[in-house]
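I have placed the structure first, in the form of structure tokens, so that the comments after it can refer back to it.
Below, chains carry the letters A, B, ... as their sequence lines are ordered, and counting in each starts from 1.
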Protein chains: 2
Amino acid sequence: LIELKNINKVYSMGRGSVKVHALKDISLTIDEGELVSIMGPSGSGKSTLMNILGCLDRPTSGEYRLDGQIVSKMSSDGLATVRNRTIGFVFQSFNLLARYSAVSNVEMPLVYAGVPPRRRNELALRALEMVGLSDRIDHKPAELSGGQQQRVAIARALVGSPKLILADEPTGNLDTASSQEVMRILCSLNEQGITVVLVTHEPEIASMTPRVLTLRDGMLVEDARRPKQ
Amino acid sequence: LIELKNINKVYSMGRGSVKVHALKDISLTIDEGELVSIMGPSGSGKSTLMNILGCLDRPTSGEYRLDGQIVSKMSSDGLATVRNRTIGFVFQSFNLLARYSAVSNVEMPLVYAGVPPRRRNELALRALEMVGLSDRIDHKPAELSGGQQQRVAIARALVGSPKLILADEPTGNLDTASSQEVMRILCSLNEQGITVVLVTHEPEIASMTPRVLTLRDGMLVEDARRPKQ
Ligand SMILES: Nc1ncnc2c1ncn2[C@@H]1O[C@H](COP(=O)(O)OP(=O)(O)OP(=O)(O)O)[C@@H](O)[C@H]1O
Ligand SMILES: Nc1ncnc2c1ncn2[C@@H]1O[C@H](COP(=O)(O)OP(=O)(O)OP(=O)(O)O)[C@@H](O)[C@H]1O
Ligand SMILES: [Mg+2]
Ligand SMILES: [Mg+2]
């Protein structure tokens, strides 16, 4: 499903005078239906890699094939369609729309996909129920706790039944019980065939996935597969 | 230093039709120089309690005495001075100013306190060095990773040598090594006499503090003191 070849990402700031080489020559393949964790120190390039996988940012060099298609050759419309139809993204900073309620935020991907209003609302309520927020559907982000906002972001990523779920630190603000609940949802979606890639800094979460990629200073330093427990 | 008596917080939404009773009859005392963790499920009221302790929000009822002064009786100017001189606050969502660099964000509390520019810059650089970000001082928040933004927020809370540090999930986005580093800083500040209250969902972090308060559904359900290890 995912094929990266020699991916580099350089951020340039201050009118180009300062450069940060955030990803260095990353090559990796992820097959459909895999469940993969990405770990590494703060600043090692995990979110940068997730943004490229999620077609939210372009690499500075290298090739990315998603489902056999070369992403860099696609038009921005084509990219937007792939993003909406194929990928569910949970951002590290949630990225919820401040002026909309939790249920409206979760309906957003379905609006883009042209799903009719009543069906959209039904699917969104079901996704919010899965993450335990049925009693907060009309709250705006500022009227929710940090972990509740995170769970709305997770519900929004799942609601369109995407082929690929990219979750950047999905349990960063959650207590142990809520964390376990989120991992249970992601693992059961994976058992239905959905490919899941998640970034985590918690070893307990990574130990629930059969493959762990480790980044350090922009490089892929380890790719460890564990026999299914 | 901190005395809460029968604190309640009710959020009302939708022009008052919906009410969320976020804190229910909380009474507690925290002495100067203590190191305390607050734990509890997502949505249990931890951030709401921290906002009241940090004089960023007023309780709906009950009394809060900080350093012997009744907070609810203070003018908003008096409150702002207390907040700036006495308290360093690390927000769960960082709350950095987007248009300013890391070092300018860390200097902000010193600007309010009237510290001269050169001294301000020196203290801010020292605080950023403590959290391991000397090579990112000119980056704006959007040019920093999640954990780096968190560490800038921690540096900003420490820079004015406050009497009380309130840190809401200070390690939520950090890998194990960076987390240990932040806890080392908070513990050493506490050994110098600074009172530290931190919210965490990670039991490993709470086990480093001699006292752990547990919230559940807006109530203080446990106040456990551990003999110093
Ligand atoms: N402005 C608001 N209006 C209405 N309800 C709110 C508001 N802010 C918070 N709440 C609700 O109050 C409850 C407590 O929120 P709070 O942010 O204190 O929880 P928390 O313990 O910090 O959770 P987390 O661990 O997820 O950060 C939550 O159920 C939340 O939905
Ligand atoms: N827009 C940008 N401009 C300049 N540098 C950037 C930008 N975004 C990120 N960086 C830098 O690139 C490096 C990688 O950032 P990235 O967000 O991918 O790290 P991360 O592994 O997700 O970290 P964390 O675990 O703290 O979230 C960091 O050192 C960061 O400072
Ligand atoms: Mg990140
Ligand atoms: Mg909170």
Determine the minimum heavy-atom distance between S42(B) and D175(A), stating which atoms define it.
-> N-OD1, 2.8 Å
Is a side-chain N or O of H201(B) found less than 3.5 angstrom from the main chain of N173(A), in a donor-acceptor match?
-> no
For S179(B), is it the side chain, the backbone, both, or neither that has a heavy atom closer than 4.5 Å to a heavy atom of chain A?
-> neither
Toward chain A, the part of S178(B) with a non-hydrogen atom under 4.5 Å = side chain
By residue number, those in residues 100-109 of chain A with heavy atoms under 4.5 Å from heavy atoms of chain B are none
For chain A, which residues from residues 128-144 of chain B have at least one heavy atom closer than 4.5 Å to it?
-> R136(B), D138(B), H139(B), E143(B)
Cut-off 4.5 Å, heavy atoms of chain A, and the answer for V199(B) is neither
Heavy-atom pairs under 4.5 Å with chain B are the metric here; pick the option from R151(A), M39(A), E202(A) that has the most.
-> R151(A)
